[in-house]
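All ligand and atom numbering here is 1-based and tracks the order in the structure. Predicted model, so just to flag it, every value in this text is computed and none were measured.
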Amino acid sequence: MKKRIITFGTYDLLHIGHVRLLERAAQLGDELIVGVSCSKLNLSKKGRAPVYETSDRMEIVKALGCVDEVFVEESLEKKGQYIQEFGAHILVMGDDWAGRFDQFNSICSVVYLPRTEGISTTQLIGDIGEMVLPATGTS
Ligand code: CTP
């Protein structure tokens, strides 16, 4: 029987922290399924809409070699339902959520993986906003 891993996130402006998390999650089993938070959920969760729309974020995540399947995560409250629907054996979350999903140990194993230090989508958006672009054109 194939061991299925499920994880969740927004994955906006895909960065190295996302890729490392997904690669490590995939190594825990045979199939990696990723619930990509819809833009409305991200707005309620983080107070801003993602830069990329949900369908684009899903397509980008699905294009990674370590990801087998993607679906839309519509609500944080539906995690248990998604775990059962996709027959996941392990729920992987970043350790920024450590302890917060322990209740799902009754239906699967819950593993928290360490985040990559020093990078996040929020930080990237700030950094890009602060960049001074060189003047273009010659005179
Ligand atoms: N993640 C990670 N290392 C980072 C950033 C994110 O391991 N430096 C993981 C998160 O723990 C989560 C997944 O990547 O399991 C998706 O995280 P997401 O919230 O989409 O990315 P962030 O960069 O944390 O986004 P934001 O700054 O908007 O909170």
* Heavy atom of E117 under 4.0 Å from ligand 1? ->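 E117: no contact with ligand 1 (<4.0 Å).
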
* Asked: Does R57 come within less than 4.0 angstrom of ligand 1, counting non-hydrogen atoms of the residue?
  -> no

* Asked: What heavy-atom pair brings S75 and L41 nearest, and what distance separates the two atoms?
  -> N-CD2, 4.1 Å

* In sequence, state the C-alpha distance, the side-chain angles, and the governing distance for D30 and K3, and then conclude on salt bridge (charged side-chain N to carboxylate O under 4.0 Å, His left out). => CA-CA 5 Å; D30 303 305; K3 196 189 259 188; over 6 Å; no

N/O separation below 3.5 Å, [X] to ligand 1:
X: R24; value: no
X: Q123; value: no
X: T10; value: yes
X: T7; value: no
X: M93; value: no

* To do: For side-chain hydrogen bond (donor to acceptor under 3.5 Å, both in side chains), just list the numbers for S120 and R115, CA-CA rounded to whole Å, side-chain angles, deciding distance to a tenth of an Å, and then say yes or no.
  => CA-CA 10 Å; S120 73; R115 282 170 67 91; 5.0 Å; no

* **Derivation and outcome, ring pair (Phe, Tyr, Trp, His ring centres under 6.0 Å), residues F71 and F86** => CA-CA 10 Å; F71 69 95; F86 288 95; 4.4 Å; yes

* **Identified side chain to side chain contact (heavy atoms under 4.5 Å, CB included) partner of Y11 from the options I60, L21, V70, V19** =>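 Output: one option passes, namely L21.
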
* Asked: Nearest to atom 3 (N) of ligand 1 by heavy atom, L21, V19, T116, V61: which?
  ->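 Ranked by closest heavy atom to atom 3 (N) of ligand 1, first place is T116.
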
* Give the single entry among H18, R20, H15, K46 that approaches atom 29 (O) of ligand 1 most closely by any heavy atom. =>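 Minimum heavy-atom distance to atom 29 (O) of ligand 1 goes to K46.
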
* Asked: Shared ILVMFWY cluster between F101 and I83, side chains joined below 4.5 angstrom?
  ->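 Yes, F101 and I83 fall within the same hydrophobic cluster.
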
* To do: Flag yes if F104 and L32 sit in one hydrophobic cluster, no otherwise; membership is Ile, Leu, Val, Met, Phe, Trp, Tyr, and two members link when side-chain heavy atoms are under 4.5 Å apart.
  =>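 No, F104 and L32 fall in different hydrophobic clusters.
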
How far is [atom] from its nearest protein heavy atom, and which residue and atom is that?
atom: atom 15 (O) of ligand 1; answer: G94 N, 3.5 Å
atom: atom 8 (N) of ligand 1; answer: I119 O, 2.6 Å
atom: atom 6 (C) of ligand 1; answer: R115 NH1, 3.4 Å

Show which atoms of ligand 1 fall inside a sub-4.0 Å distance from at least one heavy-atom site of [X].
X: S120; result: 23 (O), 27 (O)
X: T122; result: 26 (P), 27 (O), 28 (O), 29 (O)
X: Y11; result: 13 (C), 16 (C), 20 (O)

* **Salt bridge E74-K40, side-chain N to carboxylate O under 4.0 Å** =>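 No, no charged N to carboxylate O under 4.0 Å.
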
* Any side-chain donor-acceptor pair under 3.5 Å between S39 and R57? -> yes

* S37/K45 under side-chain hydrogen bond (donor to acceptor under 3.5 Å, both in side chains): CA gap, chis, key distance, verdict -> CA-CA 10 Å; S37 308; K45 203 168 60 168; 3.2 Å; yes

* Structure fact -> Any heavy atom of D12 under 4.0 Å from ligand 1? The part involved is neither

* Where's the contact between R48 and ligand 1, heavy-atom distance under 4.0 Å: side chain, backbone, both or neither? -> side chain

* Asked: Would T10 and N42 satisfy side-chain hydrogen bond (donor to acceptor under 3.5 Å, both in side chains), going step by step from the backbone distance to the final call?
  -> CA-CA 7 Å; T10 307; N42 196 71; 2.7 Å; yes

